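For reference, the structure is listed below as structure tokens.
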Protein chains: 2
Amino acid sequence: MLDESWQPPAVLVAVDLVILTLRSERLHVLLVERGIEPFRGHHALPGGFLNNAGEDVLAAAHRELREEANLEGARLHLEQLGAYGAPDRDPRGRVVSVAYLAIAPGLPEPVAGTDAAGASWRPVEDVSSGRVRLAFDHRQILADGVERARAKIEHSSLATAFCGETFTVAELQRVYEAVWGVRLDQRNFYRKIQGVPGFIVPAGPNRRTTKGRPARLFRAGPRNALHPPLVRPGSPATNEGNQ
Amino acid sequence: MLDESWQPPAVLVAVDLVILTLRSERLHVLLVERGIEPFRGHHALPGGFLNNAGEDVLAAAHRELREEANLEGARLHLEQLGAYGAPDRDPRGRVVSVAYLAIAPGLPEPVAGTDAAGASWRPVEDVSSGRVRLAFDHRQILADGVERARAKIEHSSLATAFCGETFTVAELQRVYEAVWGVRLDQRNFYRKIQGVPGFIVPAGPNRRTTKGRPARLFRAGPRNALHPPLVRPGSPATNEGNQ
DNA sequence: GTAATAGTGTCTCTTAGACAATATGGG
DNA sequence: CCCATATTGTCTAAGAGACACTATTAC
């Protein structure tokens, strides 16, 4: 290690994006179809190598978001998931990938591709069930991204990033239900949301009409950290078995 | 981007370790004194470059843990914090560092150095207060590591990693108090800990003697996820301001 | 009116936190 | 006994979840 002639090995650094959105009340992820080897024809997360040695990693993520997903960084949450560095994760050689999580408001159209040929929204369920196979270790990266999103909407206002500029409480509830994969009581949800001071704020006297009583419109409030948090159900909080 | 002659830039990949422990009821971090430029003479987190192009990143972290901190990976929690890839973070050139968090049980001695000359435990407070300056972006990495630890001991049994094989409830409480930087009510803490089923289990009829009534000894239980969690205090859970 | 969704109130149970009381060792 | 620490109990208030009820639109 103290050998003066020793030089550390050079590796390639890539970024991969887990871009989540909500379509027809289900969680979707943006996938591209690979046009080159390896894994040609397979689905994969959007991403790519650093442009040049001077490019910041986060900047590269924003660039890929723009190039491959046609999404401007504006108002888009972008958060690092971690580094994936198994030696054999890319058959071309040593590649360490830095993964990012992005949340997009519901886009109805499958995003007109630009750089990558076939970019498309796919239900996350299709991947986790194995119906859609991903290249490299992207299935694991996606799983980590979904778990991060699930945990984050408990304590932060991240869930509003799935919605448009304004939204109803019911729409926000559908976000939680889709991300967590559970059903929530509408009435308790309403009360709980209103109990968190800066989470959502009324957006004008506007209302929206569908079928029943029109709902109030809200927008994301100033508060980013949620107190009290919205805890996802599932664990009955067993309190037995002292000793 | 579709230019066939284009080649992605090669960069160097390093690992950095945030190794935390508890000494005299205060949170400490293991630092080394740099023997070479850049930042010669400054304190830094232990770490180093990948050994060769085939070395796994996590394996490299374990190797550095062994080489620089003289700590075997046995029973040592090691968790990735993330990648740090700002273009100018290392004056020598482009280096992307993957940071890991490790928790060590209280070691009384300053760890006999091996590879790195002066490895020493330093109070985390000395760094966050600016009394000790770290090289590169290591101050930020340390801050991220401490925050990760603070958050993790709420929902996982990670806190027991700060203790030895067996410990008393009071010792475990001191872990929470040191990591969170708060004072907790001993009686409520005891009840809460006991209310989490698999968190800690009694370790024999042994006891330990100091001054007052001897305390029961426990060891880490099988449960890794804590239900219900131990929420850190500090936010009064304001519940006013409907609308 | 009915259907359908939005929003409010109320009840019960669990848990968090304050703090009293008791237990068990060493002087 | 006294002191110090450990362990148990009790009380109160806040939040979670179940669920009845009212409100407001379209038809």
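Chain letters run A, B, ... following the sequence lines, proteins first and then strands; every chain starts at 1. Predicted model, so just to flag it, every value in this text is computed and none were measured.
Rounded to whole Å, atom P of D:dA16 lies 8 Å from atom CG of A:L230. Between B:F189 atom CZ and C:dT15 atom P the separation is 17 Å, expressed in whole Å. At whole-Å resolution of the value, CD in A:Q173 and P in C:dG7 are 11 Å apart. Distance CD (A:Q194) to C1' (D:dA16): 17 Å, rounded to an integer number of Å. Nucleotide C:dT14 holds its P atom 18 Å from the NE2 atom of B:H227, rounded to whole Å.
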All N/O pairs under 3.5 Å across the protein-nucleotides 24-27 of chain C interface:
from, atom 1, to, atom 2, distance (Å)
C:dT24, O4', B:R213, NE, 3.3

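Near DNA chain C, meaning a heavy atom under 4.0 Å away, the residues from residues 179-186 of chain B are B:D185.
The side chain of A:N188 lies closest to D:dG17 when the candidates are D:dG17, C:dG7, D:dT8. The side chain of B:Y190 has D:dT7 as its nearest neighbour among C:dG7, D:dT7, D:dG17. Among the nucleotides C:dG9, C:dA6, C:dG17, the one closest to the side chain of A:R191 is C:dG9. Nearest to the side chain of B:K192, among C:dA16, D:dT7, D:dG17, sits C:dA16.
Within the 4.5 Å cutoff, the side chain of B:F199 has no heavy atoms near those of the B:R223 side chain.
If you check the side chains of B:S157 and B:N224, you find a donor sitting under 3.5 Å from an acceptor. No donor-acceptor contact under 3.5 angstrom links the side chains of A:D16 and A:Y84, judged on distance only.
Between the side chain of B:R187 and the base of C:dA20, at least one donor-acceptor pair of N or O atoms lies under 3.5 Å.
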Check against salt bridge (charged side-chain N to carboxylate O under 4.0 Å, His left out), A:E79 and A:R148
CA-CA 10 Å; A:E79 165 179 332; A:R148 176 75 67 94; 2.6 Å; yes
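Each of B:L45, B:I103, B:V124 was scored for a side-chain contact (heavy atoms from CB on, under 4.5 Å) with B:V18, with one residue passing: B:L45. Here the rule is side-chain contact (heavy atoms from CB on, under 4.5 Å) with B:L27, and of B:L22, B:T21, B:V175 only B:L22 fits it.
Between A:A215 and A:T168, the closest heavy-atom pair is CB-CG2, 3.7 Å.
Ring geometry for B:F136 versus B:H138: interplanar angle of 30 to 60°, hence tilted.
For the pair A:E147 and A:R232, the salt-bridge criterion is met [side-chain N within less than 4.0 Å of a carboxylate O].
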